[in-house]
Amino acid sequence: MHAPLPGPNNGEKTLLVNELSVGFGGVIALDNVSMAAAPGEIVGVIGPNGAGKTTLFNVICGFVRAHSGDITYDGTSLLEHHHPHDLTGLGIARTLQGVGLCAGLSVLENVMIGAQSALHSDIGSAFLGLWRSNREERRVARLARDLLEELGVAQHAHRFPATLPYPIQKRAALARALMAQPGLLLLDEPASGLSNDEMEELGTLIRGLRSRMGVLLVEHHMDLVMSVCDRLVVLNFGQVIAQGTPEAVRSNPEVATAYLGDEVHQVSASPGMPDA
Ligand SMILES: Nc1ncnc2c1ncn2[C@@H]1O[C@H](COP(=O)(O)OP(=O)(O)O)[C@@H](O)[C@H]1O
Ligand SMILES: [Mg+2]
């Protein structure tokens, strides 16, 4: 029997981070961090360099171990399933800072791997072409093409990643993550290396995903998170210093001091050239 479909915000398919702490030697990278990301919302994790954003991302992915606290997704503790290869099976997909496509495979094949890892939790089998049947391979190829189409890069399906501009490669990597049809998508610095126009297009693409999944966006570009996110979590020195809507966070003086302190200082020091 199928369970009833989850309603919005009833706790299902929600990522809950509860009093999480992580240290590296003497450095406390995350200090008692609590936050949540529910289906249908885009949550941004922001903060200055060294604030702990990537560490939070890495604990959720299973790359880094927590010292204390807990993370659950859809009611399952991620700390018990604490390996990156468990994630897809739990319904979580991720893209990493940078691109990480396989050089020897076409864009289409790279994207198809996203489904392979969801089906078999074994990326290696994808390289061997071990689809369960030709029919499955065709179905997966169609889904991959549809996603490349949606992300505006279908015309590059048969190219090798290294022959394509960086923003196109990043879209292919996003398509690969989406192949698993995740309930939660984790994006680490998706805007790195993109121009302002490309960042704006990326923002539109991310907004378009929201009806299908929750998105946790780790990003230091304020413009992108402010325009894309429904809610922001602000980290500074490993602690959550603010949470709320972009508007609330923007007007929070503690955030301004922590995150924009240098920028604000520079702007006021050169009033004639605010964007220099
Ligand atoms: N593998 C590691 N070993 C030691 N220190 C680390 C490691 N990863 C991160 N840190 C430290 O943890 C803190 C948080 O880093 P990070 O999560 O990368 O911040 P952010 O992504 O917000 O820039 C920093 O002080 C950083 O130097
Ligand atoms: Mg980082």
Side-chain angles (χ1 to χ4, degrees), residues 15-37 42-71 73 78-79 82-85 87 92-100 166-167 169-170 173-174 177 184-195 198-199 202-203 206 215-229 231-244 246 249-250 252 254-266:
L15 179 80
L16 291 172
V17 175
N18 190 28
E19 299 183 356
L20 190 75
S21 293
V22 177
F24 298 106
V27 178
I28 298 171
L30 292 176
D31 185 5
N32 217 26
V33 167
S34 296
M35 56 151 301
I42 301 176
V43 178
V45 176
I46 63 172
N49 267 335
K53 303 181 295 296
T54 296
T55 302
L56 177 60
F57 188 93
N58 284 343
V59 184
I60 297 170
C61 290
F63 293 125
V64 165
R65 293 204 177 269
H67 282 189
S68 59
D70 196 14
I71 304 177
Y73 177 68
L78 295 195
L79 301 188
H82 201 213
H83 291 284
H85 61 251
L87 271 185
I92 302 177
R94 64 170 197 271
T95 65
L96 300 176
Q97 225 167 322
V99 174
Y166 186 70
Q169 293 184 34
K170 292 200 76 151
L174 178 57
L184 178 69
L185 176 67
L186 308 173
L187 301 173
D188 190 16
E189 306 251 339
S192 68
L194 299 186
S195 70
E198 288 157 358
M199 217 185 292
L202 176 72
I206 295 174
V215 179
L216 185 69
L217 175 66
V218 172
E219 181 56 67
H220 74 268
H221 283 100
M222 282 294 249
D223 288 354
L224 181 70
V225 288
M226 286 290 171
S227 61
V228 162
C229 295
R231 216 154 47 72
L232 298 179
V233 177
V234 189
L235 292 176
N236 194 30
F237 294 114
Q239 294 183 334
V240 176
I241 59 165
Q243 298 205 44
V249 162
R250 198 199 293 271
N252 181 314
E254 204 179 338
V255 175
T257 309
Y259 190 77
L260 296 171
D262 289 347
E263 245 172 80
V264 168
H265 185 73
Q266 279 168 21

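In listed order, ligands and their atoms are each counted from 1.
- Looking from atom 17 (O) of ligand 1 to the surrounding protein, the closest heavy atom is T55 OG1, 2.6 Å.
- One of the N, O or S atoms belonging to T54 lies under 2.8 Å away from the Mg ion (ligand 2).
- Proximity of V27 to ligand 1, defined as any heavy-atom pair under 4.0 Å, is confined to the side chain (atoms from C-beta onward).
- The side-chain heavy atoms of P190 and L174, taken from C-beta on, include no pair separated by under 4.5 Å.
- Looking at ligand 1, you'll find an N or O of G50 within less than 3.5 Å of one of its N or O atoms.
- Using a distance-only test at 3.5 Å, with no hydrogens or angles considered, a donor-acceptor pair links the side chain of S21 to the main chain of N32.
- Under the 4.5 Å side-chain criterion, counting only non-hydrogen atoms from C-beta, L78 is in contact with I92.
- Close approach to N49 involves these atoms of ligand 1, each under 4.0 Å from a residue heavy atom: 23 (O).
- Atom CG of L216 and atom CE of M35 lie 5.0 Å apart (nearest 0.5 Å).
- For atom 18 (O) of ligand 1, the closest non-hydrogen atom of the protein is T54 CB, 3.8 Å.
- Closest heavy-atom approach to atom 9 (C) of ligand 1 among the candidates F57, F237, F24: F24.
- In this structure, atom 12 (O) of ligand 1 lies nearest to the protein heavy atom A29 CB, 3.4 Å.
- Remark: the backbone N or O of A36 is paired with a side-chain donor or acceptor of R231 at under 3.5 angstrom.
- Ligand 1 has no atom lying under 4.0 Å from any heavy atom of G238.
- In this structure, atom 26 (C) of ligand 1 has its sub-4.0 angstrom surroundings free of protein heavy atoms.
- Judged by distance alone, the side chain of K53 and the main-chain N or O of E219 form no donor-acceptor pair under 3.5 Å.
- Surrounding CD1 of I28 are at most 12 heavy atoms belonging to other residues, nucleotides or ligands under 6.0 Å away.
- With a 4.5 Å cut-off on side-chain heavy atoms, V64 and F24 count as touching.
- Of the protein's heavy atoms, G52 N, 3.1 Å lies nearest to atom 19 (O) of ligand 1.
- Residue A51 approaches ligand 1 through these ligand atoms, each under 4.0 Å from one of its heavy atoms: 19 (O), 20 (P), 22 (O).
- Residue P48 has at least one heavy-atom neighbour below 4.0 Å for each of these atoms of ligand 1: 22 (O).
- When the shell of 6.0 Å around CG of D223 is examined, it contains 12 or fewer heavy atoms from other residues, nucleotides or ligands.
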